[in-house]
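Following: one structure in structure tokens, then a few remarks.
Bear in mind the structure is a predicted one, so any value in this text is a computation, not a measurement.
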Protein chains: 2
Amino acid sequence: MRALVFEGELKYRKDYPIPSPFNDEALIRVVAAGVCATDLEIIKGYMGFKGVLGHEFVGIVEECGDKGLIGRRVVGEINIPCGTCQFCGDGLGNHCPQRGVLGISNKDGAFAQYLTLPASNLHLLTDLITDEEAVFVEPTAAAFELLEQVDLSPSKSVCVLGDGRLGILVAQALSLSLTGCRLVAAGRHRDKLSILYNRGINARIGIEGLGREFDLVVDCTGSASGLSDALKVVKPRGTVVLKTTVAERHAFDLNQAVIDEVTVVGSRCGPFKPAIQALQDRAIDVRPLVSKVFPLEDGIEAIRYASKKGVLKVILRIGG
Amino acid sequence: MRALVFEGELKYRKDYPIPSPFNDEALIRVVAAGVCATDLEIIKGYMGFKGVLGHEFVGIVEECGDKGLIGRRVVGEINIPCGTCQFCGDGLGNHCPQRGVLGISNKDGAFAQYLTLPASNLHLLTDLITDEEAVFVEPTAAAFELLEQVDLSPSKSVCVLGDGRLGILVAQALSLSLTGCRLVAAGRHRDKLSILYNRGINARIGIEGLGREFDLVVDCTGSASGLSDALKVVKPRGTVVLKTTVAERHAFDLNQAVIDEVTVVGSRCGPFKPAIQALQDRAIDVRPLVSKVFPLEDGIEAIRYASKKGVLKVILRIGG
């Protein structure tokens with residue numbers, strides 16, 4: 001099959017073997033897939049992953065033990081827990097140390113004509129959600145994760161740092177859930193921030209002039225300096241949520257976090273159901289986030305394009 | 001008066017002016033003071049502080065608006081909030097940005113014959129607590145702080161990293177509060193760990209062989225690498241409490257914290273009342289922690305001694 005494979009360098013291959021589904025797995029024909037910052041980090045060496053990249057996708061089930069799924073349009077959760085260890089037993093399958101992660105760790109991903117995933121990872125889609133929107137389910141779920149991790153009572157003030165793909169999703173997810181909160185999105189790009197501004201969200205260039213005034217700061221910068229900026233605007237005893245993973249290491253001054261008794265919370269994959277619902281209802285609008293659509297055979301060019309400044313979501317159109 | 005002053009270099013001075021108490025302040029004759037890791041970090045440049053060092057002390061009130069305090073033996077909280085800003089209004093005086101901090105920021109400290117502090121910062125002592133024990137009230141309070149910050153239900157497993165002064169206090173404070181929890185103290189020094197072992201606390205050399213198995217890890221290493229070690233043994237979705245402030249900056253790989261959705265909580269000064277009670281009851285025994293007592297005039301030698309490997313608490317005996 002055709003696939004975009006990272007093997008120390010990124011290669012477009014026409015002869016990659018079609019994966020064989022295990023017992024509980026479905027074989028899925030990929031229709032479209034999104035390029036995520038994590039893909040770009042993997043190419044820089046993050047996670048040491050080799051194989052087919054890509055973990056944001058929509059596809060059609062071709063083979064499955066559950067015959068009712070065959071022919072259905074699905075998105076899929078990306079963690080594949082072992083199912084037998086203590087973490088899995090404790091309901092923390094997403095943190096199973098033996099898990100595979102689609103296109104990120106020990107599992108070929110979605111930038112290919114076919115992928116396999118356990119049937120239990122799949123979520124059915126209705127026709128109310130387009131293929132391009134469906135590609136955003138996984139990152140939108142990641143945006144919803146923080147709503148499960150932190151207390152957002154109405155008197156709180158919240159700042160989202162970063163106006164990239166994830167920042168724009170997180171700010172929208174927060175604006176859905178916050179009533180009576182002060183929400184500020186701070187970024188670097190007037191055009192990207194305008195997507196939020198047009199949805200009634202208070203958006204600003206940079207953090208200059210902001211004090212240590214936010215109960216909650218969400219770092220979606222995708223940059224190693226995001227935490228330092230977050231610590232500049234979070235209140236003492238406030239919370240910083242880190243959504244950023246980067247290949248680069250960075251020298252942090254965590255003294256301020258200790259002195260200010262700040263809580264720093266890592267946040268990653270999230271719940272698919274509210275994400276699908278919000279996209280279907282267009283309560284979160286991702287359509288302005290699509291920068292360009294490439295066919296899979298132009299995948300290397302697509303990845304290069306996704307790395308450019310100012311680009312939001314790049315989508316690979318793979319099947320019909 | 002005689003004082004140990006940091007002015008870019010550490011000096012013992014005989015001619016330092018006796019401080020004048022403001023309206024709400026008491027003048028306190030210092031009896032004894034403890035050398036803390038923070039003092040050693042200040043000498044390396046931490047906080048950019050210049051003035052009289054020292055913030056762990058016991059003394060006698062010599063002058064005070066509240067005449068009932070005069071002649072009483074006291075310890076004192078080290079933060080001096082402005083009392084008028086929003087943080088102070090919200091009950092977060094310890095985080096007031098304009099605050100002074102005894103011997104650490106904008107306020108001369110305790111390595112001198114006299115210091116001043118607001119009368120409201122003072123706590124009276126009974127005769128059941130010795131001067132040497134009283135010097136430990138401030139760091140013991142810091143150990144109790146984390147009990148106010150994290151949930152310690154009985155099923156939790158807890159690891160304390162670091163067998164220095166603070167680690168030994170934190171492990172003892174935790175062992176008082178935890179019933180049915182698994183508590184492990186990991187350090188580097190058999191002699192220091194034996195203080196904990198002799199009190200029935202599970203102590204071990206290093207973290208080798210430990211998995212990601214603790215719900216809560218408390219970093220008391222005083223070392224920039226403490227957070228990295230903590231992230232190696234904390235469970236996914238677990239909590240790391242940072243008690244460490246260091247002058248040195250360190251390159252952290254926070255990706256693991258994000259992927260594992262770990263919560264990192266800074267923790268600093270704490271409540272004096274339970275600390276005084278625990279020391280008075282000898283529920284926390286600090287007597288084995290006193291490595292050596294020096295007179296104030298040998299202060300420079302005392303600081304040098306406190307910096308040596310293997311030394312626990314160094315006390316300056318200042319007044320009678």
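- Side-chain N or O atoms of A/Glu261 include one that pairs as donor or acceptor with a backbone N or O of B/Arg268 at under 3.5 Å.
- The two residues B/Arg99 and A/Ile259 have their closest heavy-atom pair at NH2-CG2, 3.4 Å.
- Other residues, nucleotides and ligands place no more than 12 heavy atoms under 6.0 Å from the CZ atom of A/Arg188.
- Interface remark: B/Gln86 contributes no atoms to any contact with chain A (heavy atom separation under 4.5 Å).
- Using a 4.5 Å heavy-atom threshold, the side chains of A/Val264 and B/Thr263 count as separate.
- Residue B/Leu92 touches chain A through its side chain alone, counting heavy-atom pairs closer than 4.5 Å.
- Taking each heavy atom of B/Lys235 and A/Phe87 in turn, the nearest pair found is CG-CE2, 4.5 Å.
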* Walk me through it: do A/Glu148 and B/Arg237 pass the test salt bridge (Lys or Arg N to Asp or Glu O under 4.0 Å)? => CA-CA 12 Å; A/Glu148 300 200 341; B/Arg237 296 226 180 141; over 6 Å; no

